[in-house]
There are 2 protein chains.
Amino acid sequence: MEIPEVVTSIKQATELTGLTEDTIRYYEKIGLLPYADRKRNGHRVYRREQIQSIIFLTRLKATGMTIEEMKRYRELSSLGNDTVPLRLSILEEHHQKIQKEIARLFEVQRIIEYKIDHYREITQNPDLSDTNCASTIKNDL
Amino acid sequence: MEIPEVVTSIKQATELTGLTEDTIRYYEKIGLLPYADRKRNGHRVYRREQIQSIIFLTRLKATGMTIEEMKRYRELSSLGNDTVPLRLSILEEHHQKIQKEIARLFEVQRIIEYKIDHYREITQNPDLSDTNCASTIKNDL
DNA sequence: ACTTGACTTGGAGTACACTCCAAGTTGTAA
DNA sequence: TTACAACTTGGAGTGTACTCCAAGTCAAGT
């Protein structure tokens, strides 16, 4: 989706960011997003970079960053380039966190595959399915 | 951690499952866990398989399965082997969901790495950091 | 007999992230 | 000018998943 230089309605912003109108207003209300400029009638306007920074926030959110953490990051951004090292370390830490999360997901994936295999065996050979089956690890739950 | 055949306190159950006492009681209260047997004094006792099934639940939870979905799965389990095909399809669907989640995490990982690289450049060569820098995509937020 | 500690219960409270609503304003179109 | 749609606001309500608390019970140790 091409982002225009100026976005002149909250509706358009929702289409570009994937957030709802309510969520955008909520983020502004709690200070996660800066107070947006308004047109003469009070409607919000956004420049392209603002939309891009909202999209970046949605990425962070989608990887489990909390609103408070995102707020902290954004506040540092607004303080200029002196805070780049700090922002860098926040991103590095988050990167590590995601890496661990990925590893955890792979591990559980393996466990689920094991269980799926067991269920497939049962459906193909119902004799294995009696409740006294020795494979308690597979049969649990 | 070796799971004993019989677990005679909720404390021990927390150590084996990683859940808190409150969470275990809460899960039982809402019917995610079956009503546990009690000792004469009312204290909960668990058999090994029960602990194992709690641990399996924590895996599902850790990969984003909601309590309602876990409840549904557990109810099917309690209905016996006729529900194995249904349970199979639930696990397969969840497996797919996790696969997508992993892909999404990798994608965001890439975006974060891109930003980290940019910040590293800035810290090593501060001349690039002036606010009029052309690389708006990198500089946003 | 009394204290201590580990548990029990029902129910209330909390944290997070929205989501919805009522009442009001503005710009355009009939 | 009147209707309508698209926004605005402050504030209340919702869903999920816990988390905490007060009051009580029980077994074991001193």
Side-chain angles (χ1 to χ4, degrees), chain A residues 4 6-47 50-51 54-75 94 97 101, chain B residues 4 6-47 50-51 54-75 94 97 101:
Chain A
V6 175
V7 172
T8 58
S9 77
I10 200 169
K11 182 95 182 299
Q12 218 184 334
T14 68
E15 282 154 15
L16 295 166
T17 63
L19 298 174
T20 67
E21 295 183 19
D22 272 323
T23 302
I24 292 175
R25 293 197 195 100
Y26 167 68
Y27 281 176
E28 190 184 304
K29 183 149 51 176
I30 62 171
L32 173 57
L33 294 177
Y35 187 81
D37 288 343
R38 310 290 150 116
K39 289 186 281 189
R40 282 181 312 302
N41 61 9
H43 294 194
R44 287 169 179 80
V45 217
Y46 298 94
R47 276 167 298 105
Q50 293 177 308
I51 295 294
I54 294 174
I55 290 172
F56 185 63
L57 280 188
T58 67
R59 309 281 193 222
L60 294 181
K61 187 189 108 184
T63 49
M65 192 177 275
T66 65
I67 285 182
E68 276 315 303
E69 290 171 308
M70 292 191 283
K71 233 170 127 173
R72 167 119 184 90
Y73 184 80
R74 229 203 48 72
E75 274 154 14
H94 193 61
K97 206 177 118 195
E101 171 72 3
Chain B
V6 174
V7 172
T8 57
S9 77
I10 200 168
K11 181 94 183 299
Q12 215 182 337
T14 67
E15 281 155 15
L16 295 166
T17 63
L19 297 174
T20 67
E21 295 183 19
D22 273 323
T23 302
I24 291 175
R25 293 197 195 100
Y26 167 69
Y27 282 176
E28 189 184 303
K29 182 150 51 175
I30 62 171
L32 173 58
L33 294 177
Y35 186 82
D37 288 343
R38 310 289 150 116
K39 288 186 281 189
R40 282 182 313 302
N41 62 8
H43 293 194
R44 288 169 178 79
V45 216
Y46 299 95
R47 275 168 298 105
Q50 292 177 309
I51 295 293
I54 295 174
I55 291 172
F56 185 63
L57 280 189
T58 67
R59 309 281 192 222
L60 295 181
K61 187 190 110 187
T63 49
M65 193 178 275
T66 65
I67 286 182
E68 276 315 304
E69 290 171 308
M70 292 191 284
K71 234 169 127 173
R72 168 120 184 89
Y73 184 81
R74 230 199 48 73
E75 275 154 12
H94 193 62
K97 205 177 118 193
E101 172 72 3

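Everything numeric in this text was worked out from a predicted model, so none of it was measured.
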Is the backbone N or O of B:M65 less than 3.5 Å from a side-chain atom of B:K97, with the two atoms forming a donor-acceptor pair by type? no
Walking along DNA chain D from 5' to 3', note the first and the last nucleotide with an atom under 4.0 Å from a heavy atom of chain B, and give both.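 Both ends considered, the range comes out as D:dA17 to D:dA27.
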Name every residue in residues 39-47 of chain A that has at least one heavy atom under 4.0 Å from any atom of DNA chain D, in order of residue number, or write none if there are no such residues.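 Listed by number, they are A:G42, A:H43, A:R44.
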Stretch residues 17-33 of chain A: residues that reach within less than 4.0 Å of DNA chain D through a heavy atom: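 Output list: A:R25, A:K29.
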Would you say B:L33 and B:Y46 make side-chain contact, with heavy atoms under 4.5 Å? no
Heavy-atom side-chain proximity of B:L16 to B:P4 below 4.5 angstrom: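 They are in contact (side-chain heavy atoms under 4.5 Å apart), so the answer is yes.
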For B:E101, all residues meeting side chain to side chain donor-acceptor pair (under 3.5 Å), sequence neighbours excluded: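 Checked B:E101 against side chain to side chain donor-acceptor pair (under 3.5 Å); matches are B:R104.
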On a heavy-atom basis, the closest approach of B:T17 and B:I24 is OG1-CD1, 4.1 Å
Pairs touching residues 33-42 of chain B that satisfy salt bridge (Lys or Arg N to Asp or Glu O under 4.0 Å), sequence neighbours left out: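 Sorted pair list: B:E28-B:R38.
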For the [atom1] atom of [X] and the [atom2] atom of [Y], what is their distance to the nearest 0.5 Å?
| X | Y | atom1 | atom2 | result |
| --- | --- | --- | --- | --- |
| A:L19 | A:I55 | CG | CD1 | 9.0 Å |
| B:R44 | B:E21 | CZ | CD | 9.5 Å |
| B:T23 | B:L32 | OG1 | CG | 11.0 Å |

Which residue pairs satisfy the side-chain hydrogen bond (donor to acceptor under 3.5 Å, both in side chains) criterion with at least one member in residues 54-65 of chain B, sequence neighbours excluded?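 Passing the test, one end in residues 54-65 of chain B: B:T63-B:H94.
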Rounded to the nearest Å, what distance is computed from the CG atom of residue B:D37 to the P atom of nucleotide C:dT8? 13 Å
